[in-house]
Amino acid sequence: MVKNSGPYELLSDVIHKDLCIGCGACIDLCPYFKSYKGKTAMLFPCTFSEGKCFAYCPKVELDLDELSRHCFEAPYSADPLGHYHSIEISKAGREMGGTQFQAGGTVSAIMSFALKKGYLDGAVLTGREGLLPVPCFVTQPEEVLKCATSKYTAAPTVSALNRAIQDGYEAIGIVATPCQAQAIALMRSSRLDENDCIDPVHFVVGLFCTWSLDFRAFEDFIEERTGTESIAKVDIPPPPAEIMEVYLANGAKLEMPLDEIRKLTPESCSYCFDMTAEFSDISVGVLEGRPDMNTLIIRTERGQKLVREAVDEGYLIVDGIPEDAMEHLTWASENKKKRALKKAGDAGMINTPDAEKRSMVRLRGEILERIMVASQGCE
Amino acid sequence: MSYLINGEAGSSHLLMGNEAIVRGALEGGVSVATGYPGTPSSEIVESLAGVAKERNLYVEWSVNEKVALEVAAAASFAGLRSMCVMKQNGVNVTSDFLLHLASSGTRGGMVLVSCDDPGALSSVNEGESRLFAKMVEIPLLEPGDFQEAKDITKWAFELSEEIRNLVMIRSVTRMSHASGNVRYGKLPDGKAHAQFDFHGSLLDQEKGPMISMVVSAAELQHGPQQEKLRKAAGIFEECPFNTYNGPERPELLIVTSSACNLYSREAIKALNLEKKAGVLKLATTWPLPRNVIKRHFALTDRIMIVEEVLPTLEENIKVLAAEMAPEIGIKTFYGKRSGHIPSVGEMNPDLVIGALSSVLGLKRKSMPEAFAGKARKLAETVVPKREMTFCPGCPHRASYWSIHNAIEMDNRKGFVCGDIGCYTLGMLPCGFSTLKTVHSMGSGSGIASGFGKLTQFGMDQPVVAVCGDSLFFLAAMHAMAIAVLQTSPFSLVSLDNSGTAMTGFQAHPGIAANAMGEEMPALDIAEICRAMGARVEKADPFDLEGTRKALNEMMEHREGAKVLILQQACALSPQRKGRKSYEMEIDEEMCLGEECGCNRICTRIFGCPGIVWNREKGVSTIDELICTGCGVCADICPQGAIKRREAE
Ligand SMILES: Cc1cc2nc3c(=O)[nH]c(=O)nc-3n(C[C@H](O)[C@H](O)[C@H](O)COP(=O)(O)OP(=O)(O)OC[C@H]3O[C@@H](n4cnc5c(N)ncnc54)[C@H](O)[C@@H]3O)c2cc1C
Ligand code: SF4
Ligand code: SF4
């Protein structure tokens, strides 16, 4: 097991190195770390040499084998899509009505269904106030719809999970980006809190993610172009569109070239090797060429069971994944993995002996090698 | 304060130095007294305000020292006796008007009292005001004991009227705040009548306009002004307050003034040097009485000058000694320039003993090391280590908590420009080390406004300034005017604790009562700022999250100066003192103490003295005697273990 450290190390090895993505795992565990406008700040010094903040942070000393064993009872594999049972395509079923979703509405459908059935006593989601993504905790199926659609800036979503656990909820579902899902997996596998014998996290829906945006940079960028008009929805239509669409409250729609938007990505995302949220029960993304459908990766028994029930009860519609979509998905995921691990390796952040320097990530050398040589096809 | 006006002539009273000055002013027939509060001077105006009705005085806490001197000058121009009181830093503020006033001269006796603070016991510096007397060419008097504090003040009015110019009195903390016996004189009866005459010629100081001259005619005024000073010097030769105590032919002559007179005499006594050393105590330290000095210098060859802070007296004396050398011979001087007397900090008898011993080659009787070591050890065990901190329930602690958190959360390397008041402590851990600049009164806002304008050079750090309510009127208001005009993007946080708390709740324009306790319409800082064109918000600093949000929100707006008014009365204010809003209690079961998830944020960081860490039990508890029941800490505790219950 990797050695745990404390708040100072989190500050020096993650936050001060711009590796923090602001996932919220260290927020609201204690009074010292707070999130504001997507950035994590330490308000006052804490003197501990070991803490939950460091233990739960996905950006330092992430031991992939250990996480994988905890989630899937198997070591980390070199598969670009992680451990999974099946990959399908899906969308919200008739029970979900005509709400606006980001894509097929799979995520909202699954969460609404699980709440309705009482499998969950609450769900951690991400809503928005203007452009700002805001962690939300909901307990009613209808409330899930208020958090539908993607907020493309990094959000401290996991902080709402910390609060829900403190408030005593015992069966919590959460929708998480890959980094957030890693944090949740760390939390669940952590042996730091000996008193926690029950695992309050019942179900994790992972979202595909290639990159997110730095909130302040994105806000400035949008404000320059829209003035004071408030934003209704932001969308990145599937390739080959290469644009971001911003819908304003007054009905106007703006199109921004993706190339310019990508420049607003935080440094942290360029080290992220997980596109498909590998440490979750199911992972959901968009399906190329089909804006009304999602790609759905089912990873665990639990995920499998919930999806089947949701289909049976009219909350979800599933179909087989077309071959070319599968190929593209694998290629894109592999591509992200290679790019990030190369960058991290070059910066000396993989498998470094911790006495000397803390690692960002740890994985077996043979797996690393297989990932790096798997395909020469990436950019 | 009735003891200051009741009491027969000839009766003795134990008075604080500042009260002795007040009694002197009353015996001198003062009619108008003004000032700006500042330790160690504040009691003078306060005490005069307390007897204003009975003695038919007009007493004013002015908006700043410059205005205070102007108001007092008007009274003098109209033939009344007036006094203006401030601490040393105030003389800097008033110095512009002071220079002009000294040049036009005065009519009714006018006295400027400056209470200096050697050692900066309650100041941010130990700057000294004596040099101003020399610079603006007015007489300077320094009382050497408490009786003199009274007598010299009374005499200063007479002197002022005789030379037709302002007279400055300088006191120091240990003179102003220590007490001694004072024999009363008579209080004058008879009513003062004010009238300003201006029909005489331009150069007629008695009946003409009072005008500080334009450059071309300056010499017409400057010459006569210096003549006044020469006249004063002549009077000083006969001044009964310049005294000599000691043998006829001392081996060493100490020349001193003010509180150092007391230290010098004590030192001589302690060393049994009565037969060897004499003390020439000067009350008239500018201009110096040449003949008095000559007479005494002729008695000895070795001279030690004992004074506090700068070698002001020392240097002035040396000039005279050089001039008189052909007649009195060459002297050896000991003082600050020789290193025998320190140039920083307060003096005390021990320092004088040290200097005397070294000059006279005496073996110094110091404490035996064994005893000193024991005493040190004992002190460490029985005297708890204390850091400077805010009072329990102080609104500043709550305000700084939110300001600090807003700045940290904002995460763009923002910072706070501080100012002078209790809240200067915001630079220390008790204020979460929030302040990054602190200078003179009101300058935080000016500095912040300046930082705000550096965006053109690529500076994008958010800038915040804090300022007390009294300081807003003193100087911050002016900085605000230019900041609004120049759209300097900074946020001014007005720490409005409803009074000039640090110096004892004196009136200021934002309070609905004046120095004499009469009701007044208060000026509203928020309305003033709005009228200037600034965006203004208000918050209750005891609402931590609301305050933090309001400031974060403000820092987001990059366009122009903004004002956040945090209003909550000082914990020691008459309206809050002794009254609890809440009964506080800590649930020991819920308290996490030193576990991950808290790590004692209440006692380790927040630091209200009302909460104490129980090391044995590993929990925090409320000290009911100290807690003021403000309830703020309940919102600090991450566990909700600190409970507040409405007090009956
Ligand atoms: C930052 C980001 C980047 C993404 N990048 C890709 C990509 O490269 N490729 C791809 O195929 N898909 C990507 N997605 C996923 C995609 O946008 C959809 O979220 C996903 O397809 C599910 O669609 P849906 O119609 O089921 O969602 P909906 O039913 O509309 O539900 C959306 C859910 O997303 C959650 N959510 C929204 N914003 C955030 C956020 N910032 N952090 C955490 N949770 C959030 C909400 O809680 C909500 O439950 C990204 C999503 C995000 C948030
Ligand atoms: S990545 Fe998440 S856990 Fe790590 S420092 Fe940032 S907010 Fe905290
Ligand atoms: S309520 Fe809390 S913060 Fe206020 S005085 Fe008491 S202990 Fe201090």
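At a 4.5 Å heavy-atom cutoff, the contact between B:Arg600 and chain A is made by backbone atoms alone. With a 4.5 angstrom heavy-atom cutoff, A:Leu43 touches chain B via backbone and side-chain atoms both. Proximity to chain A (any heavy atom under 4.5 Å) is restricted, for B:Ile605, to the side chain, taken from C-beta onward. Of the atoms belonging to A:Lys39, heavy atoms from both backbone and side chain fall under 4.5 Å from chain B. Interface remark: B:Asn405 contributes backbone and side-chain atoms alike to the contact with chain A (heavy atom separation under 4.5 Å).
Between A:Asn4 atom CG and B:Cys596 atom SG the span is 8.5 Å, to the nearest 0.5 Å. Between A:Cys30 atom SG and B:Gln639 atom CD the span is 11.0 Å, to the nearest 0.5 Å.
Residues of residues 452-460 of chain B having a heavy atom under 4.5 Å from any heavy atom of chain A: none. Proximity to chain A at a heavy-atom threshold of 4.5 Å picks out B:Arg548, B:Asn552, B:Glu553, B:Glu556 from residues 547-563 of chain B, in numerical order.
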Quiz prompt | Stepwise side-chain contact (heavy atoms from CB on, under 4.5 Å) check, B:Ile601 with A:Phe44 | solution = CA-CA 9 Å; B:Ile601 188 140; A:Phe44 299 104; 4.2 Å; yes
Exercise. Could you go through the side-chain contact (heavy atoms from CB on, under 4.5 Å) check for B:Arg604 and A:Thr47 one step at a time?
Key: CA-CA 10 Å; B:Arg604 198 174 57 89; A:Thr47 49; 3.8 Å; yes
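What you find for B:Cys598 and A:Pro31 is that their closest heavy atoms are CA-CD, 4.0 Å.
Around CD of B:Glu583, the count of heavy atoms belonging to other residues, nucleotides or ligands within 6.0 Å exceeds 12. Other residues, nucleotides and ligands contribute only 12 or fewer heavy atoms inside 6.0 Å of the CD atom of B:Glu387. By the neighbour-count criterion of 12 heavy atoms within 6.0 Å, atom CD of B:Glu624 is sparsely surrounded, having that number or fewer from other residues, nucleotides or ligands.
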Would you give me the side-chain donor-acceptor pairs under 3.5 Å for residues 483-492 of chain B, sequence neighbours excluded?
residue, atom, partner, partner atom, Å
B:Ser488, OG, B:Ser449, O, 2.6

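Annotation: maximal heavy-atom pairing with chain A below 4.5 Å, among B:Met409, B:Glu408, B:Glu594, occurs at B:Met409.
In terms of modelled atom types and a separation under 3.5 Å, the side chain of A:Tyr32 and the main chain of B:Gly597 share no donor-acceptor contact.
For A:Lys34, the side-chain hydrogen bond (donor to acceptor under 3.5 Å, both in side chains) criterion is met by A:Asp28, not counting sequence neighbours.
Taking 4.5 Å as the limit, some side-chain heavy atom of A:Arg216 sits within range of a side-chain heavy atom of B:Arg412.
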